[in-house]
A.B. asks: 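Sharing a structure below in structure tokens format, with a few things to ask.
Basis for what follows: all heavy atoms, side chains included, without hydrogens, waters or symmetry-related copies.
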Protein chains: 2
Amino acid sequence: MAKARKADAPTTRIEKKEATRQQLIAATVEVIAADGFADMTLAKVSQRANVSRGLVNFHFTSKERLLVETLRHLTEEYRASWSRAIAGPRTARDKLLALIRADFSPRVCNRKKIAVWYAFWGEAKSRPTYLEVCAKADGAFAQTVEELCVEIAREGGYAVDAALAARGLRCITDGLWLELLMAPQQFRRDIAIRTCLQYLAALFPNDFLGSEYDHLTQAVLERETPA
Amino acid sequence: MAKARKADAPTTRIEKKEATRQQLIAATVEVIAADGFADMTLAKVSQRANVSRGLVNFHFTSKERLLVETLRHLTEEYRASWSRAIAGPRTARDKLLALIRADFSPRVCNRKKIAVWYAFWGEAKSRPTYLEVCAKADGAFAQTVEELCVEIAREGGYAVDAALAARGLRCITDGLWLELLMAPQQFRRDIAIRTCLQYLAALFPNDFLGSEYDHLTQAVLERETPA
DNA sequence: GATAACACTGAACAGACGTTCAGTCAAATT
DNA sequence: AATTTGACTGAACGTCTGTTCAGTGTTATC
């Protein structure tokens, strides 16, 4: 029984270390979402993670570093979400639909996570490190959306500025996130997706307009129902 | 010379009181933009406003109240901006254009102000008062945009969901604000306005598309040049 | 011109904050 | 089995926080 152990309880030292590290990051997200950036405290984080006060500094050296690592975790999670989403479909049109689907998937698009995103964005101007971390992630996402729009415009023979179209789509999804944050009672996932589809249908009617419209919304929603 | 005094230096007590009150709110905006919500301190605010430490509590009772009043000031300033903008034009189309123009006017749409907006939004989930203040303002704005879209859709005979169209436009402007905050070097006012115009042109082609497209952008920009 | 009102000051206070570190104990190594 | 390693604890620290309040000087009132 030297190396044998229960499957769900990692006992090796490095596994355990990484586990509590993730636990601390998760607790940080919880605390920021619950109390806001200004009232986020290492005492609260360690309490929510069920560890001692001093452990955060042991793992992350300082509060600021913990925050940066939390932001990195968020961006990586988001990147993984959309990059997984576009891996399946073949056509640019279907990839774009998958991207929208991923953007409103409950895993990344829920009020708790979005509150944390906005908290970091609000601090970004005064802490350039946050800006840097976000810029890298946003840049990759923006480029992907733009490439898809370019391809759709080219293949469909649309006379639209694809870069502008891509920027518009990204803005709409960001704005919808804000609506979930600020007016959660009137936010509905299906309406959010319809807002995006309406935009795409207006710009690329041959690809997104018509009988498939409602069908698409439906299909997108069905895949989301788990949460 | 009983009541006579220099025009630019208010000397009556209530005038002076209101002046320093506004000074404190302005200083709060400055500090949040410069240091972020988490590092905003009454000591910094009073220092930037050139008043003593204890004065904030004299005027606003508590730090939290100062923040609420600052948010109220921001929402009121924004409301005044767009409501002044739509007062001039006659047609719904021109009102909508004026609304967009106002949304990107340097007076309300600059990186400092937007950083503060996002700071408050990031805290809104944990402080319902912020949510309440914003909800009222956003509700009025949303309704106005929707009414304009409804009128354009009806008069132009467009077969679009006007509510959805209005929501999309609001989201685009919000998203563009985020771009100014997070990627200021690549943000350009003319591109932002074009992004909105492209959206409107796609939904209401007869009103926003065609030869006037570039002309409109130009006209909008000319009015903005002062800043 | 005397009195009252009041915007404003700045030192003082208690509490909470991030950070440090000597000590602990279980897991890895020998 | 003995030893070393290192993740983890929790009390202690200096600092900075929002808030209070007795005192001050100017403005308004009588």
A.B. asks: Let me know, please, whether A:I14 or B:D39 comes out on the 5' side of the other along DNA chain D by nearest nucleotide.
C.D. replies: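 The residue closer to the strand's 5' end, by nearest nucleotide, is A:I14.
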A.B. asks: If each of B:R13 and A:G54 is mapped to the nucleotide of DNA chain D with the nearest heavy atom, which maps nearer the 5' terminus, i.e. the 5' end?
C.D. replies: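 With B:R13 and A:G54 compared, the 5'-side residue is A:G54.
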A.B. asks: Please confirm whether the ring centroid of A:F37 lies under 6.0 Å from the ring centroid of B:F37.
C.D. replies: no
A.B. asks: Taking side chain as C-beta onward, heavy atoms only, is A:L200 less than 4.5 Å from A:I100?
C.D. replies: yes
A.B. asks: Could one point to a donor on the side chain of A:R53 or the base of D:dA11 with an acceptor on the other under 3.5 Å away?
C.D. replies: no
A.B. asks: B:F58 has an atom CZ; how far is it from atom P of C:dG10, in whole Å?
C.D. replies: 15 Å
A.B. asks: So which heavy atom on A:A85 is nearest to which on A:A102, and how close?
C.D. replies: CB-CB, 3.6 Å
A.B. asks: Whole-Å distance between C:dG18 P and A:Q47 CD?
C.D. replies: 13 Å
A.B. asks: Does a side-chain N or O of B:T41 approach OP1 or OP2 of D:dT17 to a distance below 4.0 Å, or not?
C.D. replies: yes
A.B. asks: Within the supplied structure, the quantity of interest is the number of heavy atoms (other residues, nucleotides, ligands) at a distance under 6.0 Å from A:R21 CZ; does it exceed 12?
C.D. replies: yes
A.B. asks: Indicate whether OP1 or OP2 belonging to D:dC8 is found under 4.0 Å from a side-chain N or O atom of A:T20.
C.D. replies: yes
A.B. asks: Quick check for you: among C:dT9, D:dG10, D:dT19, whose closest atom lies nearest to any side-chain atom of B:S62?
C.D. replies: D:dT19
A.B. asks: Distance check needed: C:dG18 P versus A:K63 NZ, whole Å only.
C.D. replies: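 Those two atoms, NZ and P, are 4 Å apart.
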A.B. asks: What is the distance, rounded to the nearest whole Å, between atom CG of A:L42 and atom P of C:dT20?
C.D. replies: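 My rounded result for the distance is 11 Å.
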A.B. asks: Are the side chains of B:R167 and B:E146 in contact, using a 4.5 Å heavy-atom criterion?
C.D. replies: no
A.B. asks: B:M40 CE to D:dT17 C1': how many Å, rounded?
C.D. replies: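 Checked: the CE to C1' distance equals 12 Å.
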A.B. asks: Would you mind classifying the nucleic acid contact of B:V51 as base, sugar-phosphate or nothing, using non-hydrogen atoms under 4.0 angstrom?
C.D. replies: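 Contact class for B:V51: sugar-phosphate only.
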A.B. asks: Take atom NZ of B:K16 and atom P of C:dT9, then tell me their distance rounded to the nearest Å.
C.D. replies: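 In whole Å, C:dT9 P lies 8 Å from B:K16 NZ.
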A.B. asks: From CG of B:N57 over to C1' of D:dA22, roughly how many Å is that when rounded to an integer?
C.D. replies: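 The distance from CG of B:N57 to C1' of D:dA22 comes to 16 Å, rounded to the nearest Å.
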A.B. asks: Expressed in angstrom and rounded to an integer, what is the separation of B:H59 atom NE2 from C:dT9 atom C1'?
C.D. replies: 12 Å
